[in-house]
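A quick write-up on the structure given underneath.
Computed over heavy atoms, backbone and side chain alike; hydrogens, waters and symmetry mates excluded.
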Amino acid sequence: MGSSPGTGEAPLVSRVRTMAVVQNVTLGTLTDEIHLDAVIDTGSTLCVVPPIFARQLGFNSSNRLEGGLVRVIGGGTVQMDKHRLERVRVGSAMAYDVEIGVQNTFAGSRQMLVGLTFIKQFRTTFDFDEGRVLFRARSI
């Protein structure tokens, strides 16, 4: 595991009432970074990035960690390549060494899913009254 995660918070997009959406999530490798909006999905095992953005970060099927079927909501499975990002920043919270899956979840948009490979590095609380998600240090 890399560096310890940096705690923080992210504002939720107030106009979206049916899911937890944050803007300007940073995905970083040693040489590149991109910014996407994201749905925070506590039911997603992985952070999921659309293929076009994975390619921009230098990922393809020849440098994947592994590929295979991943279970998704509803009991189905989808084919995904898995890769590892050096860092992911959501608001002011930063996590390192985050596994991602590559899948076209939000076709034609600049959105991704922030799943448990990021969320579980923190004690995460959704504060819908204040319109934010808090990422605090996990108790040891």
Side-chain angles (χ1 to χ4, degrees):
M1 190 87 165
S3 302
S4 297
T7 61
E9 65 180 72
L12 296 173
V13 176
S14 61
R15 68 182 182 278
V16 179
R17 298 277 181 211
T18 58
M19 60 184 87
V21 176
V22 294
Q23 295 178 309
N24 200 28
V25 171
T26 303
L27 308 177
T29 64
L30 292 174
T31 58
D32 257 322
E33 70 178 37
I34 61 171
H35 303 272
L36 301 172
D37 294 341
V39 173
I40 300 178
D41 185 354
T42 60
S44 179
T45 305
L46 297 169
C47 292
V48 180
V49 177
I52 190 170
F53 302 110
R55 284 191 299 276
Q56 286 179 11
L57 290 166
F59 296 128
N60 58 56
S61 59
S62 70
N63 63 9
R64 67 186 180 199
L65 297 173
E66 64 180 286
L69 294 176
V70 175
R71 289 203 296 149
V72 295
I73 291 177
T77 58
V78 295
Q79 181 72 31
M80 277 193 211
D81 286 347
K82 293 181 184 177
H83 298 277
R84 192 170 304 282
L85 288 165
E86 276 70 35
R87 66 190 179 284
V88 175
R89 183 177 53 80
V90 177
S92 57
M94 180 86 76
Y96 300 91
D97 197 31
V98 178
E99 191 174 296
I100 64 167
V102 178
Q103 172 67 27
N104 211 2
T105 306
F106 300 103
S109 73
R110 291 192 59 84
Q111 286 190 320
M112 62 169 290
L113 291 178
V114 171
L116 292 178
T117 51
F118 179 88
I119 297 167
K120 72 180 182 182
Q121 294 191 38
F122 303 95
R123 199 172 95 229
T124 303
T125 305
F126 293 89
D127 182 348
F128 290 102
D129 291 335
E130 295 294 322
R132 62 187 179 162
V133 59
L134 304 169
F135 300 101
R136 296 176 288 186
R138 293 185 59 78
S139 302
I140 297 177

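Nearest heavy-atom pair across Asp41 and Ile119 is O-CD1, 4.0 Å. Summarising the geometry of Val22 relative to Ala10, their closest heavy-atom pair is CG1-CB, 3.9 Å, with the distance given to 0.1 Å. In plain terms, the two heavy atoms of Arg136 and Thr7 that are nearest each other are C-CG2, 3.5 Å.
Leu27 contributes atom CG, which lies 12.5 Å from atom NE2 of His83 (distance to the nearest 0.5 angstrom). Here Thr117 contributes atom OG1 and Lys82 contributes atom NZ; the two are 9.5 Å apart, rounded to the nearest 0.5 Å. Here the straight-line distance linking atom CG of Leu113 with atom CG of Leu36 works out to 11.0 Å at 0.5 Å rounding. Put simply, CG on Leu85 and OH on Tyr96 are 13.0 Å apart, with the number rounded to the nearest 0.5 Å.
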Report the C-alpha separation of Val98 and Cys47 in whole Å, then their side-chain angles, then the decisive distance to 0.1 Å, and conclude whether the side chain to side chain contact (heavy atoms under 4.5 Å, CB included) test is met.
CA-CA 8 Å; Val98 178; Cys47 292; 4.0 Å; yes
Working for side chain to side chain contact (heavy atoms under 4.5 Å, CB included), residues Asp97 and Arg87
CA-CA 6 Å; Asp97 197 31; Arg87 66 190 179 284; over 6 Å; no
Pair Val48-Val102, side chain to side chain contact (heavy atoms under 4.5 Å, CB included): steps then yes or no
CA-CA 6 Å; Val48 180; Val102 178; over 6 Å; no
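In this structure, Arg89 contributes its side chain and Gly91 its backbone to a donor-acceptor pair below 3.5 Å. Remark: the backbone N or O of Leu134 is not paired with any side-chain donor or acceptor of Thr125 at under 3.5 angstrom. In this structure, the side chain of Arg84 does not engage the main chain of Ile100 through any donor-acceptor pair within 3.5 Å. Not one N or O on the side chain of Glu33 forms a donor-acceptor pair closer than 3.5 Å with the backbone of Thr29. Remark: the backbone N or O of Phe122 is paired with a side-chain donor or acceptor of Arg138 at under 3.5 angstrom.
Between Arg110 and Asp37 no salt bridge is recorded (no basic side-chain N to carboxylate O distance below 4.0 Å).
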Which donor-acceptor pairs under 3.5 Å do the side chains of residues 51-61 make with protein atoms, sequence neighbours left out?
| unit_1 | atom_1 | unit_2 | atom_2 | d |
| --- | --- | --- | --- | --- |
| Asn60 | OD1 | Ser62 | N | 2.8 |
| Asn60 | OD1 | Ser62 | OG | 2.4 |
| Asn60 | OD1 | Asn63 | N | 3.3 |

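For the side-chain contact (heavy atoms from CB on, under 4.5 Å) criterion with Val25, the lone passing option out of His35, Met112, Gln111 is Met112.
Residues satisfying the side chain to side chain donor-acceptor pair (under 3.5 Å) test with Glu86, not counting sequence neighbours, are none.
The side-chain heavy atoms of Val39 and Val114, taken from C-beta on, include no pair separated by under 4.5 Å.
The hydrophobic clustering, which links ILVMFWY residues whose side-chain heavy atoms are closer than 4.5 Å, places Val13 and Val90 apart.
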